[in-house]
Amino acid sequence: MNWTLFFGFFSLISGMICAGIAIYLAPYREKTGAGQLMLLMAGISIWTLGYGMEFLSPDLSLKLWWVKIEYMGVSWLGVLIFKFVCTLTGKTDYLETRLHFLLFMVPILTIFLALTNEFHGLMWQQAHLESNSVIQGIIFQRTPAFWGYTAFSYGLIFWATVILINAFVSSRGIYRKQLSLILAGVMVPWLFNVLYLFEFQTIQNLDLTPFAFMVSGILFAWGFLRYQLLNLIPLAHEAVMDGLGDPVIIMDMNDRVMEINRACSTTFALQSITPGQDTAKKMFPELYSLVDAHRKKTAVIIEAALTIKGILQQWDLRLSPLLTPQGKQSGWLIVLRDITQHKQDEAALRKSEERHRTMLEVSPTPIVYYSKKGEVTYANPAFTRVFGWDCGDLMGKPLDFIPEKHKQATENAIRQALNHPEENFDFITQRYTKSRELLDVNINAARYRDKEDNQTSLVVNYTDITRIRKVEQELRFTRDSVKSIINSMPSILIGVDDKAMITQWNIEAEKITGIPTDHARGKSLATVFPPLSGIIPNISKAIENQQVQRQEKTPLVIHQKKVVTDITVYPILSDNLPGAVIRVDDISERIKIEEMMVQSEKMMSVGGLAAGMAHEINNPLAGILQNIQVIQNRLSKPQPANVEVAKKYGIDLGLLQGYMEERGIFHMMNQVESVGKRAAKIVENMLSFSRKSDSTRSRHSLQDMVASTLSLMKNDYSMKNQHDFRSMKILQKIEDNLPAVPCEKTKIQQVLFNILKNGYEAMSEAKVASPRFVIRYFLDQNMAAVEIRDNGPGIPEKIQKRIFEPFFTTKEVGIGTGLGLSVSYFIIKENHNGMLTVESSPGKGTAFIIKLPV
């Protein structure tokens, strides 16, 4: 493939594309910046077309001729790029007259030197064809004039690039997109030309810069079509300008007329203008004198009379500074509006104002006009009737009738009304009357503008809503009171309609169920609170019969916790809104208290019974024990009286004793004595249960009392059941500085003995593999406590309620009396004002906790 021909034709196509862009810009050449861009694309086209012909030329001389043609286009690129960028970004102060001369002289000199190079060799000295490369191109030996021109062009392009980057950083929106395209279009050719001149590319004699400029042309063309690139020029767009019906004039900072619209041309009878050629003072002398006298850094509007075409007319003159996207002023915008007809309309407007005043006078609503300073300019008769002030007393003065607590809110409301002139602003507040009566008022405020659309006052309508507010407050108070009463109830209160849909849901219901009121209201009771779904028939019955429905001691399961409740359904006595209120009371604690009261009364009854029985049993029991001892003495001991009587009847005491031993009569007597003593002990326990002891008390350590009881327990051994306490493992957890307690040591030891004995018997009967007691000492507020916990089978829940009842036992008849724990409870509770509680569950052991005041 012949790459030389390929790049030649490709360069020609690039040149044609750039020429097409230049032709496209021709209709816009009168626009500042557009003409420079058109010349830039034309120069690129000449360079690229010449470069293509250079490739296609057969010999060196013809190629050099086309190189000279290329200089006629390329010499202007740096200058045109710099001028184009300065115009786009508003940096026209860089393009002063002296700099203009220098900018144009360098390209002209460069073209002259290129065309005459064979006479002086200042642009290149030697040129030959490269035959070893894939592309047949010219190799130049560059000379100082060429490098001087290159430095000059590169400097201008670099300067333009910096200006573009600064403008790009501060730009926004579509301007940012437009500048990005221009920046890319400038940077791409520059980079490719650097690669060519400094031989950084593979094919050293191939200059890709013209092709890069084709890319720039494509970018610019895309900008024309997609982002309206010409609108970057800091002048008003032609279509917008011509669409305005008022005359518009645009001046630069030197007061030169840069553009006028069609309306201006028609008004001042101007055919056309050359932008930047004539000053406004020359073209519009009468108008210029007004502009020069009134222009400021900000926009100004004045009303002036101008004679145009021999006719005196009234004009509204608006003068505004033109700013670049970076905020720098680049010129002035003058807009004229014919207000002659407007003046003629003022008479009609006065009549309208009279009608407006009549409406104000007859309005039943108090209305006040305020000036910008907050002074009253008008108050209608309705204001006088309601607030008591006459309009004449208020004119030109501020109206002092705002309570102190409402001043800040009023200032905020006025500020909002002023900042939003297109809206009416309403708010409710309070105002004083002339007699210092406080009224609730609704205020509607709006800005009032005159015929020139200038804000002249603030119009405020006052509506007395004192009675309405009072009724609202009473209703709100009633509602809040009812809500407070409902929410302060310790019971769950739920309001439902006749379809069991929830209408009310108090705080207690939220706390118990964890469901907020907003989530519960409007939903069915069965969905929100399933445990109560069973009472829905009671709800229907209560509403239908208008009778209260009660359901007592109803078990409910709430969050996996079983509670006992009383449920009451109250019908709402209303024909219009049928419904009911459900009250749910948790009576679990009350049930426990009732059980405790029954237990206490039972204990008191049994105590009285025990006292009576103890006295009745004690006397015959004493006779039995005394007589059995006498019998044993008379049969077993050789006392003189016994020997004398035995001789009298011929009885040998030794033989008699042998007979009784062999027949086990002495053993039987011992058994009778043992049973009698046991019965005496039971009587003693019953007496202790039935009365408080008057024994003296002293301070003892719980640890010491437990230690002595454990020592006593180790000597206790049951032959029948083979219960040996010494096989038990004892673990003790002692809290430091546990104080001693005032108590009767023997009775506390009796309690400890009963608890320990019950525990190890239970563990032995259950055949616990590794029986143990864990004894923990601790201080609970003002009470010293000891906890005795075993790892036995535990006590069923239904039995736990009865373990402290007298005579209640789970042991077989003849083994247990059922008094051990009841006496222990009585000793701790009644004799020592302490507490004895039990914690147990099947399979997890039992813990008795004794607490005594310190």
Check: [X]/[Y] side-chain N/O donor and acceptor closer than 3.5 Å:
X	Y	value
Glu510	Asn506	no
Thr517	His519	no
Gln549	Thr568	no
Thr565	Arg583	no
Asn754	Ser824	yes
Glu744	Thr746	no

Indicate yes or no: at least one non-hydrogen side-chain atom of [X] is less than 4.5 angstrom from one of [Y].
X	Y	result
Leu836	Lys829	no
Ile428	Ile443	no
Arg467	Ile465	no
Leu710	Leu756	yes
Ile492	Phe529	yes
Glu508	Ser491	no
Met728	Ser764	yes
Ile587	Lys553	yes

Minimum heavy-atom separation for [X] and [Y], please, with both atom names.
X	Y	result
Thr503	Arg521	O-NE, 3.3 Å
Ala580	Val569	CB-CG1, 3.9 Å
Gly794	Thr846	CA-OG1, 3.4 Å
Trp505	Ala520	CD2-CB, 3.6 Å
Gly834	Pro853	CA-CD, 4.2 Å
Thr709	Met705	OG1-O, 2.7 Å

For [X], does the [atom1] atom have more than 12 heavy-atom neighbours from other residues, nucleotides or ligands under 6.0 Å away?
X	atom1	answer
Arg385	CZ	yes
His406	NE2	yes
Gln551	CD	yes

Is there any salt bridge (charged side-chain N to carboxylate O under 4.0 Å, His left out) pair reaching into [range], and which pairs are they, with sequence neighbours excluded?
range	value
residues 767-778	Arg776-Glu787
residues 844-853	Asp780-Lys851
residues 554-569	Asp566-Arg590

Rounded to the nearest 0.5 Å, what separates atom [atom1] in [X] from atom [atom2] in [Y]?
X	Y	atom1	atom2	result
Ile558	Thr513	CD1	OG1	8.5 Å
Tyr777	Leu738	OH	CG	9.0 Å
Glu839	Phe848	CD	CZ	11.0 Å
Asp704	His700	CG	NE2	9.5 Å
Cys743	Ile828	SG	CD1	8.5 Å
Ile850	Met783	CD1	CE	11.0 Å

Open item on the list: Is it the case that the ring center of Phe804 lies less than 6.0 angstrom away from the ring center of Phe826?
Closed with: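 For Phe826 and Phe804, the ring centres are not under 6.0 Å apart.
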
Task: Pair Tyr462 + Phe401: ring centers closer than 6.0 Å - done: yes

- [ ] Apply side-chain contact (heavy atoms from CB on, under 4.5 Å) to Phe427 and Thr429, showing your working.
- [x] CA-CA 7 Å; Phe427 69 103; Thr429 184; 3.6 Å; yes

Do side-chain atoms of [X] reach the backbone of [Y] as a donor and acceptor pair under 3.5 angstrom?
X	Y	value
Asp790	Pro771	no
Thr433	Glu437	yes
Asn442	Thr463	no
Ser533	Ala526	no
Gln546	Ile543	yes
Asp464	Thr466	yes
Asn461	Ile367	no

TODO: Could you check Leu532 against Val584 for side-chain contact (heavy atoms from CB on, under 4.5 Å), going step by step and ending with a plain yes or no?
DONE: CA-CA 9 Å; Leu532 288 181; Val584 181; 4.0 Å; yes

Task: Side-chain ion pair, Lys541 and Glu544, N-O less than 4.0 Å - done: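 Salt bridge: no.
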
Open item on the list: If you apply the rule side-chain contact (heavy atoms from CB on, under 4.5 Å), what do you find for Ile748 with Leu852, and how did you get there?
Closed with: CA-CA 10 Å; Ile748 299 301; Leu852 296 172; 4.0 Å; yes

TODO: Kindly determine whether Leu439 and Val386 satisfy side-chain contact (heavy atoms from CB on, under 4.5 Å), including the steps that lead there.
DONE: CA-CA 10 Å; Leu439 298 181; Val386 175; 4.0 Å; yes

